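Here is the structure we will look at.
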Number of protein chains: 2
Amino acid sequence: MKSFKKELKKYCIYPSYHRIKVIEYLAKHKTHPTVDIIYQELLKEIPTLSKTTVYNTLKLFVEKGIVLVLAIDKNELRYDYNTIPHAHFKCEKCGGIYDIEIPEIESLIRLKDFKVIEFHLYIKGICKKCLTF
Amino acid sequence: MKSFKKELKKYCIYPSYHRIKVIEYLAKHKTHPTVDIIYQELLKEIPTLSKTTVYNTLKLFVEKGIVLVLAIDKNELRYDYNTIPHAHFKCEKCGGIYDIEIPEIESLIRLKDFKVIEFHLYIKGICKKCLTF
DNA sequence: ATTCTTGCAAATCATTTGCACTTTA
DNA sequence: TAAAGTGCAAATGATTTGCAAGAAT
């Protein structure tokens, strides 16, 4: 198993117990969880955990660039530790979010007048599972 | 000038005065305005306008499919009347949102397990204007 | 007359902030 | 002990909702 202590240090993030637990959770559960899901799950292990700490931690992770934030739906942010560029598909029926492989899309778009920092491709629809049932 | 009365009827939307004004504003100002911008601007012409009506109207427009909603940033929704598929670029410095032409991206992505309903491509960075100054 | 639209005020809910307490180097 | 991390409680702010009054056919 990867050393998340070192991983955090690499990003100039002090590796406190809570922070290690959060990044571990994100690395283990690549389900694009919300703050609340992460909080509820970690609460089982850390009964004193506060949601503010989860918010603080994730905000710091996003600022330092170790974690990506997805605004795929307006009313809840989701967090993603996957570093390989990919798109996201959200099923409108079951709410599940899937990773989608993408080719070199950036090179296909005329972006000569812009300096690109972030690239988000969100697709919404119905997943196979929900289509069959 | 286009008849927005007919345009709304085509989408089974009763063309009330307020609704015509909102769709007219979106058609004239393709700047992806927020609810608040639309409200503030229309208030100059319609002093009795309420923000709830703007919310109701835009919600209806999105449901009926005449207008697209952009969740490019978490804390404010933006609305778009442009019907030609395109991507959006947001400048992190000046906050401006630009339309970007896109080629046939959908055909390049493996989506055989999904039924696509919506397709959103958001790019963030710095625009030319902000880079030079 | 009935159905649809409008709009005020209150509610909601994810996220942020102020501040005091605790931990770490 | 100074700096950083944690967490409660309150604040914020965009959006939604309940409901009563007004407008359209």
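Just so it is clear, the structure is predicted and the values come from calculations on it, not from any experiment. So you know, we letter chains A, B, ... as the sequences are listed, proteins then strands, and number each from 1. All values below were derived from every heavy atom in this structure, side-chain atoms included, with hydrogens, water molecules and symmetry-related copies excluded.
Between the CG atom of A:Asn56 and the P atom of D:dC8 there is a distance of 12 Å, given to the nearest Å.
Contacts of A:Tyr98 classified as ring pair (Phe, Tyr, Trp, His ring centres under 6.0 Å), with partners at least two apart in sequence or in another chain: B:Phe114. A:Ala71 is linked by a side-chain contact (heavy atoms from CB on, under 4.5 Å) to A:Leu77, counting only residues two or more places apart in sequence or in another chain. Legend: residues meeting side-chain contact (heavy atoms from CB on, under 4.5 Å) with A:Thr53, ordered by chain and number and at least two apart, are A:His18, A:Leu49, A:Ser50, A:Thr57. In this structure, the side-chain contact (heavy atoms from CB on, under 4.5 Å) partners of B:Lys93, at least two apart in sequence or on a different chain, are B:Cys91, B:Ile126, B:Cys130.
Counting heavy atoms from C-beta on, the side chains of A:His120 and B:Leu121 never come closer than 4.5 Å. Residues A:Lys21 and A:Ile46 have side chains in contact (heavy-atom distance under 4.5 Å, counting atoms from C-beta outward). For the pair B:Asp99/B:Phe89, no side-chain contact is recorded, criterion being any heavy-atom separation below 4.5 Å from C-beta on. Side chains of B:Val62 and B:Leu68 form no contact here, defined as non-hydrogen atoms less than 4.5 Å apart. B:Val69 is not listed as a side-chain neighbour of B:Phe61, based on a closest heavy-atom distance of 4.5 Å or more.
Listed by residue number, the members of residues 5-15 of chain A with any heavy atom below 4.0 angstrom from DNA chain C are A:Tyr14. Residues of residues 70-82 of chain B having a heavy atom closer than 4.0 Å to DNA chain C: none are found. For the segment residues 58-69 of chain B, the set of residues with a heavy atom within less than 4.0 Å of an atom of DNA chain D comprises B:Lys59, in numerical order. Heavy-atom distances under 4.0 Å link DNA chain D to A:Thr48, A:Leu49, A:Ser50, A:Thr52 of residues 26-52 of chain A, given in residue order.
Ring geometry for A:Tyr25 versus A:His29: interplanar angle under 30°, hence parallel rather than tilted (30 to 60°).
When the side-chain nitrogen and oxygen atoms of B:His18 are compared with OP1 and OP2 of D:dA23, none of them lie within a distance under 4.0 Å.
The list of salt bridge (Lys or Arg N to Asp or Glu O under 4.0 Å) pairs with a residue in residues 74-83 of chain B, not counting sequence neighbours, reads B:Glu76-B:Arg78. Residue pairs satisfying the salt bridge (Lys or Arg N to Asp or Glu O under 4.0 Å) criterion with at least one member in residues 118-133 of chain B, sequence neighbours excluded, are listed as follows: A:Asp113-B:Lys128, B:Asp73-B:Lys124.
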A:Leu8/A:Ile66 under side chain to side chain contact (heavy atoms under 4.5 Å, CB included): CA gap, chis, key distance, verdict: CA-CA 8 Å; A:Leu8 290 178; A:Ile66 194 174; 3.9 Å; yes

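Between A:Lys90 and A:Gly95, the shortest heavy-atom distance links the atoms CE-O, 3.9 Å.
In the model, B:Tyr81 has a side-chain atom that pairs as donor or acceptor with a side-chain atom of B:Glu7 under 3.5 Å. In this structure, a donor-acceptor pair under 3.5 Å is absent between the side chains of A:His32 and A:Asn82.
Summary for the helix from C:dA1-D:dT25 to C:dA25-D:dT1: the axes at its two ends, each from 5 pairs, differ by 20° when rounded to the nearest 10 degrees.
The outermost nucleotides of DNA chain C lying under 4.0 Å from heavy atoms of chain A, listed 5' to 3', are C:dA14 to C:dA25.
Checked by atom type and distance alone, the side chain of B:Arg19 never pairs as donor or acceptor with a backbone atom of B:Ile13 at under 3.5 Å.
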